[in-house]
Amino acid sequence: MQWITLVSTIVGAVIATGSAMLLDRQRWKRERVDRETQARRTLYGDYLAGLSEARHACGNMARDPDMEPSTRRTTAREAFGPCIGLRYQMTISAPSRVVEASEDAFRRLRDLRDRVMEGVLATDPVYLEGRRTYDDALAVLRARMREDLRVSDDTAAL
């Protein structure tokens with residue numbers, strides 16, 4: 001009888017320890033996924049904000065026909081600068097579908113910036129077309145970011 005008690009105690013301890021380890025591992029995985037998702041959410045927000053600020057600066061320059069060409073070029077480069085570092089962060093932190101969309105949006109905005117640096121104004125067809133292609137690329141990027149973060153139109157990300 002004493003052996004049965006000892007064996008059942010050992011089996012119970014093994015089951016309890018195994019269950020605790022399994023639960024800890026599952027919690028660790030869930031917390032890791034939550035941290036990674038939060039880091040991507042922050043990066044996505046920073047990247048979109050950087051693109052938005054650069055696009056806004058380009059729009060302001062395109063509406064100023066009296067701006068000196070050298071000032072226009074310098075201002076455009078400076079406005080676009082913060083996007084470059086965030087672009088590289090995206091390539092190592094985001095899934096490939098998001099990276100592809102972020103690269104496309106980046107390139108479309110860079111093309112728009114280049115037109116503005118050349119002196120194109122906001123009313124010129126080339127600017128309007130560049131703005132439209134950038135807006136389209138940005139919409140795709142936002143949709144892929146939301147998909148990656150598992151945000152639907154009906155629910156908010158937690």
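We use all heavy atoms of the structure for the numbers below, so side chains are in, but hydrogens, waters and symmetry mates are not.
For Tyr44, the side chain to side chain donor-acceptor pair (under 3.5 Å) partners are Asp148, not counting sequence neighbours.
Screening residues 130-142 for salt bridge (Lys or Arg N to Asp or Glu O under 4.0 Å) gives Glu129-Arg132, Arg131-Asp135, Arg132-Asp136 as the qualifying pairs, with residues at least two apart or on separate chains. Pairs passing the side chain to side chain donor-acceptor pair (under 3.5 Å) check and including a residue from residues 91-105, sequence neighbours excluded, read Arg87-Glu103, Arg97-Glu147, Glu103-Arg107, Asp104-Arg108. The ring pair (Phe, Tyr, Trp, His ring centres under 6.0 Å) pairs that include a residue from residues 75-109 are Phe80-Phe106, where partners are two or more places apart or lie in different chains. Within the structure, the ring pair (Phe, Tyr, Trp, His ring centres under 6.0 Å) test picks out no pair touching residues 107-147 (sequence neighbours left out).
Side chains of Val33 and Lys29 form no contact here, defined as non-hydrogen atoms less than 4.5 Å apart.
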- [ ] Applying side-chain contact (heavy atoms from CB on, under 4.5 Å), run through Arg113 and Leu109 and close with a yes or a no.
- [x] CA-CA 6 Å; Arg113 177 210 62 184; Leu109 182 57; 5.6 Å; no
TODO: Run the numbers on Leu112 and Val120 for side-chain contact (heavy atoms from CB on, under 4.5 Å), then give the verdict.
DONE: CA-CA 9 Å; Leu112 184 64; Val120 170; over 6 Å; no
TODO: Kindly determine whether Gln89 and Asp46 satisfy side-chain contact (heavy atoms from CB on, under 4.5 Å), including the steps that lead there.
DONE: CA-CA 10 Å; Gln89 288 182 40; Asp46 291 346; over 6 Å; no
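Cation-pi geometry between Arg30 and Trp28 is not satisfied (NZ or CZ under 6.0 Å from the ring centre, within 45° of the ring normal).
Using a 4.5 Å cut-off between side-chain heavy atoms of Ile, Leu, Val, Met, Phe, Trp and Tyr, with links allowed through other members, Val99 and Leu43 fall into different hydrophobic clusters. Clustering ILVMFWY residues whenever any of their side-chain heavy atoms sit less than 4.5 angstrom apart, transitively, puts Met67 in a cluster other than the one holding Leu121.
The two residues Met117 and Arg72 come nearest to each other via the heavy atoms O-CD, 3.9 Å. Taking both residues in full, the closest heavy atoms of Val98 and Leu141 are given as O-CD1, 3.9 Å, listed atom of the first, atom of the second, then distance. Between Val140 and Ala101 the shortest heavy-atom distance is CG1-CB, 4.2 Å. When all heavy atoms of Arg40 and Ala94 are compared, the pair lying nearest together is CD-CA, 4.2 Å.
A donor-acceptor pair under 3.5 Å is formed between the side chain of Thr17 and the backbone N or O of Ala13. Without hydrogens or angle criteria, Asp64 side chain to Met61 main chain gives no donor-acceptor distance under 3.5 Å.
Distance check, rounded to the nearest 0.5 Å: CD1 of Ile10 to OG1 of Thr5 gives 11.0 Å. Atom CG of residue Asp111 and atom OG1 of residue Thr133 lie 7.0 Å apart, to the nearest 0.5 angstrom. The CG atom of Asp114 lies 12.0 Å from the CZ atom of Arg73; values are rounded to the nearest 0.5 Å. For the atom pair OG1 (Thr37) and CZ (Arg41), the distance works out to 7.0 Å, reported to the nearest 0.5 Å.
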N/O donor-acceptor pairs under 3.5 Å from side chains in residues 52-60, not counting sequence neighbours:
from	atom 1	to	atom 2	distance (Å)
His56	NE2	Asn60	ND2	3.4
Asn60	OD1	Arg63	NH2	2.9

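Atom CZ of Arg32 is surrounded by more than 12 heavy atoms from other residues, nucleotides or ligands within 6.0 Å.
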